[in-house]
Amino acid sequence: MTQQRFSVTSGNTLRCRGWRQEGLLRLLENVLSVGEDPDNLVVYAALGRAARNWPSHDAIVSTLKTMADDETLIVQSGKPIGVVKTHAAAPIIVMANCNMIGQWAKAEEFYRLEKMGLICWGGLTAGDWQYIGSQGVIQGTYEIFRRIAEQDFNSSLAGRLILTSGLGGMGGAQPLAGRLAGAVILCVEINPERIEKRLQSGYLQHRADTLEEALAMIAAAREKREACSIGLVGNAAEIFPQILARGIVPDIVTDQTSAHDLVYGYIPAGVSFEEVERLRREEPDHLMALSSRSIVHHVRAMLEFRKKGSVVFDNGNLIRTQAHKAGVSDAFDIPIFTEAYLRPLFARAIGPFRWIALSNDPEDIRKIDDYLLETFADDASVVNWITLARQYIPFEGLPARIAWIGHESRTQVGLAVNRMVRDGILSGPVAFTRDHLDAGAMAHPNIMTENMKDGSDAIADWPLLNAMLACSSQADLVAVHSGGGGYAGYMTSSGITVIADGSEQADERLGQTLTNDTSLGIMRYADAGYEDAHDEAARRHINYLGVK
Ligand code: NAD
């Protein structure tokens with residue numbers, strides 16, 4: 001099978017009995033077209049799959065093509081199980097991916113069940129087909145850099161150096177986010193193919209093959225205070241300590257290697273790709289030990305940079321957790337990005353909201369951009385982001401856009417776009433979705449909910465309530481995922497998708513789903529004691545009961 005096999009469908013010809021089914025089918029095609037290893041159904045994050053295996057994939061496709069509007073397809077860890085008669089306001093698909101029972105929720109048990117073909121990991125947006133390429137996390141990363149600029153660098157990253165690693169499905173957004181934030185960003189990546197992919201997609205500007213070459217590029221860009229992104233071929237566990245040894249202290253340090261997976265993700269220092277492949281097959285336990293050892297060096301270097309004055313943060317890949325398990329007792333001195341930079345936004349349910357042009361017509365996204373620029377003209381962060389995004393962010397797969405907007409604004413956009421579909425202003429329907437890393441949708445005590453004000457970090461009721469609420473609110477697809485970084489036992493999250501097909505029913509589905517999703521997000525943070533969430537609930541007339 002070759003990569004050419006994975007393309008997206010364009011235009012308005014339906015292969016299914018309605019746009020809700022067709023839209024979801026196109027989203028499945030889309031995550032494979034932009035995925036990291038589509039031959040193996042892998043979308044991103046080492047093992048985040050779009051379906052359990054090819055027979056499951058093919059059965060999902062053929063079922064979507066024949067399903068009626070009043071039926072619901074049940075998908076368990078990427079395998080379609082059956083279709084039941086429901087009603088036209090029920091989801092077309094309900095999914096549960098990688099949910100394991102507490103005591104058994106360990107990486108080793110996940111690998112065992114995965115090998116037996118009983119389970120698959122859906123990542124956050126891979127298994128439920130909401131991934132939109134590297135754009136999906138770019139604004140989050142950009143917002144973090146901007147927040148750091150405001151807090152620590154007098155609001156400007158001009159001439160500042162960001163050091164990071166990992167240019168995979170998600171990490172590939174880092175070079176463009178750093179450049180948009182005005183910085184010089186060095187991304188260490190062990191796999192040259194990943195560097196080439198990001199160069200081709202326009203997310204990365206330059207490649208360096210040695211540290212000397214990279215340092216010369218960095219010096220030239222800093223001198224001119226020019227924003228610039230460089231991908232350096234190398235292993236972060238070796239390069240970070242080498243940079244430290246040269247006495248260079250970057251202004252910001254983070255990492256987005258797939259450190260959550262010690263076998264199929266992180267590549268230990270000093271081991272060739274061929275050897276890693278062999279170890280994956282024959283000695284996974286030994287490979288886990290090697291990866292842990294490398295992560296210890298990697299994180300010790302990050303901690304040392306922190307001591308020397310760099311702003312260091314964990315960008316959601318569990319690298320601190322792995323280092324801590326391997327004996328780095330102060331690994332958690334490195335803060336998590338959510339608590340450090342984004343929580344005030346989440347408390348107001350402002351998060352990574354997205355829309356995707358199902359017709360594959362980029363003009364549709366540009367028209368929606370225009371609508372946003374006009375409607376949110378008073379919101380500087382929306383105007384700034386949409387202006388940057390339309391200028392610099394290349395589309396991958398189906399044209400899509402992300403914007404961090406919150407309660408009421410999401411509903412307003414959803415309904416306006418549905419009207420634009422109905423009136424023929426757009427050339428086809430649009431799918432609305434969001435990252436799972438969103439206000440009420442995720443419990444992850446080492447990423448999303450670390451150090452919650454009321455100590456509710458590990459309580460997974462919220463994403464479960466979120467998914468049930470989305471079903472009651474007429475979403476077209478509702479998914480409950482677990483696993484997360486480390487695969488088992490680290491998080492529970494929920495994903496939703498609604499198709500704006502221009503119909504009046506879609507007005508209802510969008511209105512209820514988008515409004516209730518952010519309502520729950522605000523209530524979750526209000527319940528945890530965040531003042532911003534209390535204010536938002538009062539301002540937006542959300543019926544939060546506030547029981548103590
Ligand atoms: P990916 O598997 O697609 O890419 C990881 C990249 O890291 C690969 O290109 C790999 O070659 C590289 N790599 C591995 N070990 C390395 C090493 N020692 N040195 C240099 N490069 C190395 O994963 P992804 O989708 O980019 O996700 C990366 C991590 O970010 C995952 O742990 C994921 O769970 C996490 N994540 C965080 C967020 C967030 O919101 N912050 C969102 C999604 C994913």
Q) Does any donor atom in the side chain of Ser165 or Asp255 lie under 3.5 Å from an acceptor atom in the other side chain? A) yes

Q | From CZ (Arg343) to CE (Met452), nearest 0.5 Å | A | 5.0 Å

Q: Give the minimum heavy-atom separation between Ser33 and Gly397, together with the two atoms involved.
A: OG-CA, 3.9 Å

Q) Is a side-chain N or O of Ser155 found less than 3.5 angstrom from the main chain of Glu150, in a donor-acceptor match? A) no

Q | Under 3.5 Å donor-acceptor, Asp532 side chain and Arg348 backbone | A | no

Q | For Asp261, the option from Tyr111, Trp121, Tyr266 that meets side chain to side chain donor-acceptor pair (under 3.5 Å) | A | Tyr111

Q: Could you tell me whether the side chain of Gln174 and the main chain of Gly171 form a donor-acceptor pair under 3.5 Å?
A: yes

Q. Should the ring pair Phe332 and His324 be called parallel, tilted or perpendicular, given that the plane angle runs from 0 to 90° and is split at 30 and 60?
A. perpendicular

Q: Specify whether Tyr341 and Phe313 have parallel, tilted or perpendicular ring planes, treating 30° as the upper limit for parallel and 60° as the lower limit for perpendicular.
A: perpendicular

Q: Working to the nearest 0.5 Å, report the span between OH of Tyr142 and CG of Leu388.
A: 4.5 Å

Q: Start with the C-alpha distance between Arg160 and Asp152, add both sets of side-chain angles, then the distance that settles salt bridge (charged side-chain N to carboxylate O under 4.0 Å, His left out), and finish with yes or no.
A: CA-CA 11 Å; Arg160 301 286 177 184; Asp152 300 287; over 6 Å; no

Q | Heavy-atom pair with the smallest gap, counting every atom of Ile356 and Ala400 | A | CG1-CB, 3.9 Å

Q) Taking it one step at a time, do His444 and Ser493 satisfy side-chain contact (heavy atoms from CB on, under 4.5 Å)? A) CA-CA 8 Å; His444 192 321; Ser493 67; over 6 Å; no

Q.
Asp438 vs Phe353, test: side-chain contact (heavy atoms from CB on, under 4.5 Å). Steps then yes/no.
A. CA-CA 9 Å; Asp438 199 22; Phe353 183 53; over 6 Å; no

Q. Testing Leu124, Val31, Val137 for side-chain contact (heavy atoms from CB on, under 4.5 Å) with Tyr44, which one passes?
A. Leu124

**Q.** Heavy-atom neighbours of Tyr392 OH exceed 12 at 6.0 Å
**A.** no

Q. Looking just at side-chain N and O atoms, do Glu450 and Thr338 make a donor-acceptor pair shorter than 3.5 Å?
A. no

Q | CD-CG distance between Glu213 and Leu211, expressed to the nearest 0.5 angstrom | A | 10.0 Å

Q: Evaluate whether atom CD of Glu374 has more than 12 neighbouring non-hydrogen atoms of other residues, nucleotides or ligands under 6.0 angstrom away.
A: no

Q) So, Gln322 side chain and Ala259 main chain: donor-acceptor pair closer than 3.5 Å or not? A) yes

Q: Taking the side chain as every heavy atom from C-beta outward, state whether Lys308 and Leu244 have any atom pair closer than 4.5 Å.
A: yes

Q. Rounded to the nearest 0.5 Å, how far does CD1 of Ile243 lie from CG of Leu215?
A. 6.5 Å

(Q) Test your reading of the model: is there a side-chain donor-acceptor pair from Tyr490 to the backbone of Asn446, 3.5 Å cut-off? (A) no

Q: Considering non-hydrogen atoms only, spot the tightest contact between Arg434 and Asp517 and give its length.
A: NE-OD2, 2.7 Å

Q: Show your reasoning for whether salt bridge (charged side-chain N to carboxylate O under 4.0 Å, His left out) applies to Glu143 and Arg147.
A: CA-CA 6 Å; Glu143 296 292 342; Arg147 210 54 37 83; 3.3 Å; yes

Q) Just how far is it from atom CD of Glu531 to atom CG of Asp535, taken to the nearest 0.5 Å? A) 6.0 Å

Q: Could you tell me whether Glu223 atom CD has more than 12 heavy atoms of other residues or ligands within 6.0 Å of it?
A: no

Q.
Which heavy atom of Ala301 sits nearest to which heavy atom of Phe240, and what is that distance?
A. CB-CB, 3.8 Å

Q.
For Asp369, is there any backbone N or O sitting under 3.5 Å from a side-chain donor or acceptor partner on Arg390?
A. no

Q) Has the side chain of Arg410 got a donor or acceptor atom that lies under 3.5 Å from a matching backbone atom of Thr518? A) no

(Q) Show the nearest heavy-atom pair for residues Glu396 and Gln135, with the distance to one decimal. (A) OE2-N, 3.8 Å

Q: For Arg225, look at atom CZ and say whether over 12 heavy atoms of other residues, nucleotides or ligands are found less than 6.0 Å away.
A: no

Q. Is the backbone of Gly123 close enough, under 3.5 Å, to the side chain of His481 for a donor and an acceptor to pair up by distance?
A. yes

Q. Between Gln200 and Glu196, is any side-chain donor less than 3.5 angstrom from a side-chain acceptor?
A. no

Q) Distance from Glu275 atom CD to Leu290 atom CG, nearest 0.5 Å? A) 8.5 Å

Q: Verify the distance criterion only: is there a donor paired with an acceptor across the side chains of Asn315 and Thr254 at less than 3.5 Å?
A: no

Q: Indicate yes or no for a side-chain donor-acceptor contact from Ser294 to the backbone of Ala269 under 3.5 Å, with no hydrogens or angles considered.
A: yes

Q | Heavy-atom closest contact (Ala51 atom, Leu41 atom, distance) | A | O-CD1, 3.7 Å

Q. Do side-chain atoms of Asp361 reach the backbone of Ser427 as a donor and acceptor pair under 3.5 angstrom?
A. no

Q) For residues Ser359 and Asp364, is any side-chain donor paired with an opposing acceptor at under 3.5 Å? A) yes

(Q) Contact between Thr387 and Leu373 at the side-chain level, heavy atoms closer than 4.5 Å - yes or no? (A) yes

